[in-house]
A.B. asks: 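First, the structure itself, so that you have it in front of you.
Sequence lines set the chain letters: A, B, ... in the order given, protein chains first and strands last, and positions in each chain run from 1. What you see below is based on every heavy atom in this structure, not just the backbone, and it leaves out hydrogens, waters and symmetry mates.
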Number of protein chains: 2
Amino acid sequence: MTTPDLAGFASLLADRTRAGFCLALLDGRAWTVSELARQGGVAASTATEHVHRLVAGGLLVEQRQGRHRYVRLRDTDTAALIEAMAQAAPKIRVPVRGLADDRRGQALAYARTCYDHLAGALGVTIARAMTRHEFVTWTDGPALTDRGSDWLAELGVVLPAPSRRPPLRGCLDWTERVEHLGGAIGAALCAQAKADGWVTPIGTGRALALTSRGRAVLEPWDAVP
Amino acid sequence: MTTPDLAGFASLLADRTRAGFCLALLDGRAWTVSELARQGGVAASTATEHVHRLVAGGLLVEQRQGRHRYVRLRDTDTAALIEAMAQAAPKIRVPVRGLADDRRGQALAYARTCYDHLAGALGVTIARAMTRHEFVTWTDGPALTDRGSDWLAELGVVLPAPSRRPPLRGCLDWTERVEHLGGAIGAALCAQAKADGWVTPIGTGRALALTSRGRAVLEPWDAVP
DNA sequence: GGTACGCTTCGGCGCCGGCCGAACCGTCGC
DNA sequence: GCGACGGTTCGGCCGGCGCCGAAGCGTACC
């Protein structure tokens, strides 16, 4: 009889350190082994072993470059699955090991990315503003209205071509506990936010700070936290 | 800093036996501890401990009835998450421990349920037939056509009232490796299949056998395997 | 009441896996 | 060539956890 190796798959994420790696990698960037080691507060040798297991398990893909080895999440489906699991998991307080600086950066950030779209306080506020202005309707999941489409165009967001990926996806935010907007359009909005300097990265994590330019763009729509 | 206890959650499913319990429970039924113990090939005491962990972790809910203790998956969201994880997990062959009878029953079954809708060979064949007859379209996910709605009514399927649950959901079958139909409508179809005697349960698992009545109903639509 | 049975608790065993430091390898820069 | 550094391999330690059987508890049935 054939059965999915659910236990083996779950084992990949059943370790505090490996889970931490995957949550960090939800920012969609490629991290080096030593960055992950520092972030997780473990020795480089330990991080190496964990990364090996995650790659072997198909959760991560690697990309070697000189003496560096970058790893990232396999694809958006993988990221979505990890997010869904993180949502399902109850929240607990964990003692912080490792870099205080990065942590402080994250804690003070106005926003963060969630794989490839905006999340955190900013992501949630934008989602709420778009709902209030009827740029998005929520019958049967989030959908962009014509007014919403115009608004995005006005902001310079390039709408994605139709693809297998759902254009707009509600994504329960595990720090804010409310929904923000993912999907292809969410990613396009985030891309524009970065490209046009509405936000700027803080540290090496997925933390972002809202810039004055971002504030100027979004404030007319009450879309700043 | 607050972080989701992803590792703790994943640990629940990171054990072969517990994962097996959850996959068995995907049939949506409530199982007793001893049924699960037999299914998983472990002692009752071991099964008790596993069930405790799964209940404490919020994956299962229990329902005591006399000297029996029934457990079932918490809700459809939980079931969907487990299914998604099972899809993501690579398939492997596992040696069979435990009851040969149940296994044989499952192996020969024409169909099985997948949480609360039809899956296996029958589920897949019905989904294909509905597609062929244009009862379902697949642009941007599965959607019921007017003709599909008429067809279901003709079969006596009571369409569900709109709810938070998506009416129709494509669900990749982990034994057949193709899609079958879940969601509220998929569940309604399955309910009618059971109520009207198209299928009959085999053993204590989620295995089903197609009845002659079921064959008579579905054959005109080429919807039998 | 007595017996059967489903379930639970407990003690003990064995193994798996996460951790580290030390040594080593390959790349980069001087 | 040589040192610095990112990454890897290896051996060893230790704790956690999954397993069992035995004993105990409560319900159901006669």
A.B. asks: I need the OH-P distance between B:Tyr70 and C:dG6, as an integer number of Å.
C.D. replies: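 Atom-to-atom, B:Tyr70 to C:dG6, this comes out as 11 Å.
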A.B. asks: Rounded to the nearest angstrom, tell me the gap between atom CZ in A:Arg38 and atom C1' in D:dC5.
C.D. replies: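 Answer to the nearest Å: 13 Å.
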A.B. asks: D:dT8, C:dT8, C:dC19: which one has an atom nearest the side-chain heavy atoms of A:Val33?
C.D. replies: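 In terms of side-chain proximity for A:Val33, the closest of D:dT8, C:dT8, C:dC19 is D:dT8.
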A.B. asks: Is any side-chain heavy atom of B:Leu122 closer than 4.5 Å to one of B:Leu218?
C.D. replies: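 They are in contact (side-chain heavy atoms under 4.5 Å apart), so the answer is yes.
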A.B. asks: Classify A:Thr48 by what it touches in the nucleic acid, base, sugar-phosphate, or nothing, heavy-atom distance under 4.0 Å.
C.D. replies: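 Result for A:Thr48 = base.
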A.B. asks: Using whole Å, what does the distance between atom C1' of nucleotide C:dG6 and atom CH2 of B:Trp31 come to?
C.D. replies: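 For the pair B:Trp31 CH2 and C:dG6 C1', the rounded distance is 17 Å.
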A.B. asks: Is B:Leu81 close to B:Phe9 at the side-chain level, that is, under 4.5 Å between some pair of heavy atoms?
C.D. replies: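 Contact flag for B:Phe9/B:Leu81 side chains = yes.
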A.B. asks: Rounded to the nearest Å, what distance is computed from the CG atom of residue A:Leu12 to the C1' atom of nucleotide C:dG17?
C.D. replies: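 Checked: the CG to C1' distance equals 13 Å.
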A.B. asks: Please check the phosphate of D:dT8 (OP1 and OP2 only) for any side-chain N or O of A:Arg69 closer than 4.0 Å.
C.D. replies: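 Yes, A:Arg69 has a side-chain N/O under 4.0 Å of OP1/OP2 on D:dT8.
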A.B. asks: Applying side-chain contact (heavy atoms from CB on, under 4.5 Å), name anything that partners B:Val158, two or more places apart in sequence or on another chain.
C.D. replies: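 So B:Val158 forms no side-chain contact (heavy atoms from CB on, under 4.5 Å) with any residue.
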A.B. asks: Once side-chain contact (heavy atoms from CB on, under 4.5 Å) is applied, do any residues pair with B:Thr48, and if so which ones, sequence neighbours excluded?
C.D. replies: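 In terms of side-chain contact (heavy atoms from CB on, under 4.5 Å), with neighbours along the sequence ignored, B:Thr48 is linked to B:Val33, B:His52.
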A.B. asks: Taking only residues two or more places apart in sequence, or in another chain, which ones meet A:Ala216 in a side-chain contact (heavy atoms from CB on, under 4.5 Å)?
C.D. replies: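 By the side-chain contact (heavy atoms from CB on, under 4.5 Å) rule, A:Ala216 matches no residue at all.
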A.B. asks: Who pairs with B:Ser11 by side-chain contact (heavy atoms from CB on, under 4.5 Å), at least two apart in sequence or on another chain?
C.D. replies: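 B:Ser11 satisfies side-chain contact (heavy atoms from CB on, under 4.5 Å) with A:Ala14, B:Arg53 once adjacent residues are dropped.
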A.B. asks: Compare side-chain N and O positions of A:His50 against OP1 and OP2 of C:dG17 and report whether any pair is under 4.0 Å apart.
C.D. replies: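 The answer is no; no side-chain N or O of A:His50 sits under 4.0 Å from OP1 or OP2.
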A.B. asks: Heavy-atom distance under 4.5 Å between the side chains of B:Leu59 and B:Leu13, does that happen here?
C.D. replies: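 Answer yes - side chains close enough.
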A.B. asks: Nearest whole angstrom, please: distance from the C1' of D:dG6 to the CG of A:Leu36.
C.D. replies: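 That distance rounds to 13 Å.
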A.B. asks: Send over the distance from B:His52 NE2 to D:dG18 P, rounded to a whole Å.
C.D. replies: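 Rounded to the whole Å, the gap is 15 Å.
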A.B. asks: Within a strict 4.5 Å, meaning less than it, do heavy atoms of the A:Ile82 and B:Leu6 side chains meet?
C.D. replies: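 Yes - at least one pair of side-chain heavy atoms lies under 4.5 Å apart.
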A.B. asks: Examine D:dC19: is either OP1 or OP2 under 4.0 Å from a nitrogen or oxygen in the side chain of B:Thr17? Give yes or no.
C.D. replies: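 Answer yes for this pair, as a side-chain N or O of B:Thr17 is under 4.0 Å from OP1 or OP2.
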A.B. asks: So, is A:Arg16 near the phosphate of C:dG18, with a side-chain N or O under 4.0 Å from OP1 or OP2?
C.D. replies: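 Negative; the distance criterion is not met.
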A.B. asks: Using a 4.0 Å heavy-atom cut-off, write out nucleotides 24-30 of chain D from 5' to 3' as B (base contacted by protein), S (sugar-phosphate only) or - (no contact).
C.D. replies: ---BS--
A.B. asks: Donor-acceptor pair, distance only, cut-off 3.5 Å: does the side chain of A:Asp15 make one with the backbone of A:Thr17?
C.D. replies: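 It does hold such a pair.
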A.B. asks: When you compare the side chain of B:Val71 with that of B:Leu54, does any pair of heavy atoms fall below 4.5 Å?
C.D. replies: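 No; the side chains remain at least 4.5 Å from each other.
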A.B. asks: A:His68 NE2 to D:dA4 C1': how many Å, rounded?
C.D. replies: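 My rounded result for the distance is 12 Å.
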A.B. asks: Where each residue is assigned the nucleotide of DNA chain C containing its nearest heavy atom, which of A:Ser45 and A:Ser11 is assigned the position nearer the 5′ end?
C.D. replies: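 This one resolves to A:Ser11.
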A.B. asks: It should be established whether B:Arg53 places a side-chain nitrogen or oxygen under 4.0 Å from OP1 or OP2 of nucleotide D:dC17.
C.D. replies: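 B:Arg53 to D:dC17 OP1/OP2: no side-chain N or O under 4.0 Å.
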A.B. asks: Once side-chain hydrogen bond (donor to acceptor under 3.5 Å, both in side chains) is applied, do any residues pair with B:Thr78, and if so which ones, sequence neighbours excluded?
C.D. replies: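 With neighbours one apart ignored, the set is B:Asp75.
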A.B. asks: Compute the angle between the rotation axes at the two ends of the helix from C:dG1-D:dC30 to C:dC30-D:dG1, each taken over five pairs, rounded to 10 degrees.
C.D. replies: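 End-to-end axis angle: 30°.
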A.B. asks: Could I get a table of every N or O pair under 3.5 Å where one atom is in the protein and the other is in nucleotides 11-15 of chain D?
C.D. replies:
none

A.B. asks: Taking only residues two or more places apart in sequence or in another chain, which ones pass side-chain hydrogen bond (donor to acceptor under 3.5 Å, both in side chains) with B:Thr46?
C.D. replies: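 None.
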A.B. asks: Does D:dC19 have OP1 or OP2 sitting under 4.0 Å from an N or O in the side chain of B:Thr46?
C.D. replies: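 No.
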